[in-house]
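Reminder, nothing fancy here: chain letters follow the sequence lines and each chain counts from 1.
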Amino acid sequence: MARKLDAKGFAQQKRSRRRWLTFIRMCRYGINNFSRNAWLTIAATAVMTITLLIVFVTLASRSTLVNSIEEIRDKVDMSVYLKTETPEDTVNVIEEGLRSLGTVTRVDYISPEKARENFAQKNSSDPDTLNALNEAVNKFPGTLRIKLVDINDTEELENFVKTDATLQENIDPDREPSFAGERRSAIQNIAKTVDFADKVGLGASIIFITISSLIVFNTIRMAIFNRKDEIEMMKLIGADKSFIRGPFIVEAVVYGFIAALIATGLGFAMLYSVKGKLLDYGIAVSPTIDFVVTYIGPVLLGMILLGAIIGVVSSLLATRRYLKI
Amino acid sequence: MILLDRVTKTYGRTTKPALSRISLHVKPREFVILVGTSGAGKSTLLKLLTREEKPTSGKIVVGGIDYDSLKDKHIPLLRRKIGVVFQDFKLLPQRTVYENVAFALEIAGMTNREIKSTVPKVIELVGLSGKEKNFPHELSGGERQRVAIARAVVRQPKILIADEPTGNLDPKHSWDIVRLLEKINHYGTTVLLTTHNVEIVNKLKRRVVTLDHGKITSDQAQGSYRQGKAG
């Protein structure tokens, strides 16, 4: 059935077509401006790239830091040493008791035999030590490795160790539990440092992002200031505000887009190149790299969005003062 | 076509007005030359017509539009009805001759087909056929002014305001531009020309309005340039 258009519908159709036409033209002009002002384009894109790279690196470092902290936290456990001759079922009873504590997440038992095996393996290249080990009676203690929810919160565990009768009977008198004394304060220091580093990382991220956004804003403002005669002229021959602004916004989006691609690529390359070196210091970059690889789509989209938002806001603010009648 | 009734414009807090109780009537299809020394108020008058400035008092009506009832958002529409040509051309440096002319139509929301059929005709009218793909910096001053004129008339405005269009040109090119303006006027556009060029004023034998210190000191149907003396 043929749809009849009344005058109103026709006018509306014409208006929407005109709007679409205007939009296409603004995009075309924006892209033209981008390709014809080579130096300005390079400068603005470069600054935007650096901004996004800083954002990327800051976020990646934070993520790496958090991962490393998790790993350190995971590695930090408390050890309680038992006498070598403690029978297996007694160990089980003690283990159960420890597991029932709210602050404990995991308990592992390393038996004296296992400890001896481990030691033998570690020294497998040293025949003297191996021989001595074979001669001697096994004097290794049984070790209970205890992981805590929060390494700062050891009170409950300490109380348990002091008061539990079965444990007191079988605990190795020569070896103190490792949370006591100096080791404990060392562990607590690590915990504090980790918390502090996390906070500093967050603060630094915010400061870096703010500063670099300001730089981008200033660059785009200068780019637009360069063309204020052009804006003046467009106004005088009767261009609408939105028509004048449009191409600048499109241009800023293009800056953001290209900068996002470059920054993500560079950032990824940087992560990859420092991976080996940092691993020597016990900093794990791999989880971050894995994350970026797995979520490359959202990461890239986020970078592009961030670049576009910074660009659009900057150009809106920068053109505002030239658009007064 | 243009009607000014006792228009006064004072800038800021200065006591001396740039324009003082100016009344002027320009009929459709008229060719009016506006002369006067620097600071006489010519630029202010033109800025009032393009609504870059608002008068302090008085009434302005251009092409049936009363500026008192003109809303800010409609100013672009008004400017599309008035063609303006400047001494310094004011072309878009990053765009070709064709694009500069087409731009005036694009902002008005014309379709590509309309643009494709109109622009070449106007470029031919101003005598720039074959230079459509050149950028402004590749053209001579006279050619650039032709582009500016093409851009101003492509929308077929009722009024063309030419603010010292020959100010930056040598005599030969100046005359080319003036002839072009006459041609446009001949096709039915009201032309308002400001100039310092005595020879042009005297040879054209058109209506001459002389401004001095913000006042109209002479208005002759077939005028000539009067230096210094008013009357």
Peer 1: Would the number of heavy atoms belonging to other residues, nucleotides or ligands and lying under 6.0 Å from CZ of A:Phe257 be above 12?
Peer 2: no
Peer 1: Output the option from B:Glu53, B:Lys81, B:Glu99 having the highest count of non-hydrogen pairs under 4.5 Å with chain A.
Peer 2: B:Glu99
Peer 1: Does any backbone or side-chain atom of A:Asp229 lie under 4.5 Å from a heavy atom of chain B? Answer side chain, backbone, both or neither.
Peer 2: neither
Peer 1: Indicate the ring-plane relationship of A:Phe23 and A:Trp20, choosing parallel, tilted or perpendicular according to the 30° and 60° boundaries.
Peer 2: parallel
Peer 1: With only heavy atoms counted, which part of A:Arg19 is less than 4.5 Å from chain B, the side chain, the backbone, both or neither?
Peer 2: neither
Peer 1: Looking at side-chain heavy atoms only, is the closest gap between A:Met234 and B:Leu92 below 4.5 Å?
Peer 2: yes
Peer 1: Take B:Glu182 and B:Arg206 through the salt bridge (Lys or Arg N to Asp or Glu O under 4.0 Å) test and state the conclusion after the steps.
Peer 2: CA-CA 10 Å; B:Glu182 282 200 294; B:Arg206 299 283 190 156; 3.1 Å; yes
Peer 1: Is B:Ala152 in contact with chain A via its backbone, its side chain, both, or neither, using a 4.5 Å heavy-atom distance?
Peer 2: neither
Peer 1: Would you mind checking which part of B:Arg151 comes under 4.5 Å of any heavy atom in chain A, side chain (CB onward), backbone (N, CA, C, O), both or neither?
Peer 2: side chain
Peer 1: At a heavy-atom separation under 4.5 Å, does B:Asp88 approach chain A through its side chain, its backbone, both, or neither?
Peer 2: neither
Peer 1: Can you say whether A:Arg28 sits under 4.5 Å from chain B via the side chain, the backbone, both, or neither, judging by heavy atoms?
Peer 2: side chain
Peer 1: Please rank B:Thr50, B:Thr111, B:Leu91 by heavy-atom pairs under 4.5 Å with chain A and give me the top one.
Peer 2: B:Thr111
Peer 1: If you count heavy-atom pairs under 4.5 Å with chain B, which of A:Glu232, A:Met233, A:Arg25 comes out on top?
Peer 2: A:Arg25
Peer 1: Step through the shown structure and confirm whether more than 12 heavy atoms of other residues, nucleotides or ligands are within 6.0 Å of CD on A:Gln12.
Peer 2: no
Peer 1: Checking B:Phe89 against chain A: side chain, backbone, both or neither under 4.5 Å from a heavy atom?
Peer 2: neither
Peer 1: Classify the ring geometry of A:Phe291 against A:Tyr295: parallel below 30°, tilted from 30° to 60°, perpendicular beyond 60°.
Peer 2: tilted
Peer 1: Rounded to the nearest 0.5 Å, what separation is found between the OG1 atom of B:Thr190 and the CG atom of B:Asn185?
Peer 2: 7.5 Å
Peer 1: Test B:Leu192 against every option in B:Leu46, B:Ile33, B:Val84 by the side chain to side chain contact (heavy atoms under 4.5 Å, CB included) rule and name the one that passes.
Peer 2: B:Leu46
Peer 1: Could you tell me which portion of B:Pro93 (side chain, backbone, both or neither) has an atom closer than 4.5 angstrom to a non-hydrogen atom of chain A?
Peer 2: side chain
Peer 1: Is B:Phe86 in contact with chain A via its backbone, its side chain, both, or neither, using a 4.5 Å heavy-atom distance?
Peer 2: side chain
Peer 1: Under a plain distance cut-off of 3.5 Å, with no hydrogens placed, do B:Asp176 and B:His173 share a side-chain donor-acceptor pair?
Peer 2: no
Peer 1: So for A:Leu236, is it side chain, backbone, both, or neither that comes closer than 4.5 Å to the heavy atoms of chain B?
Peer 2: both
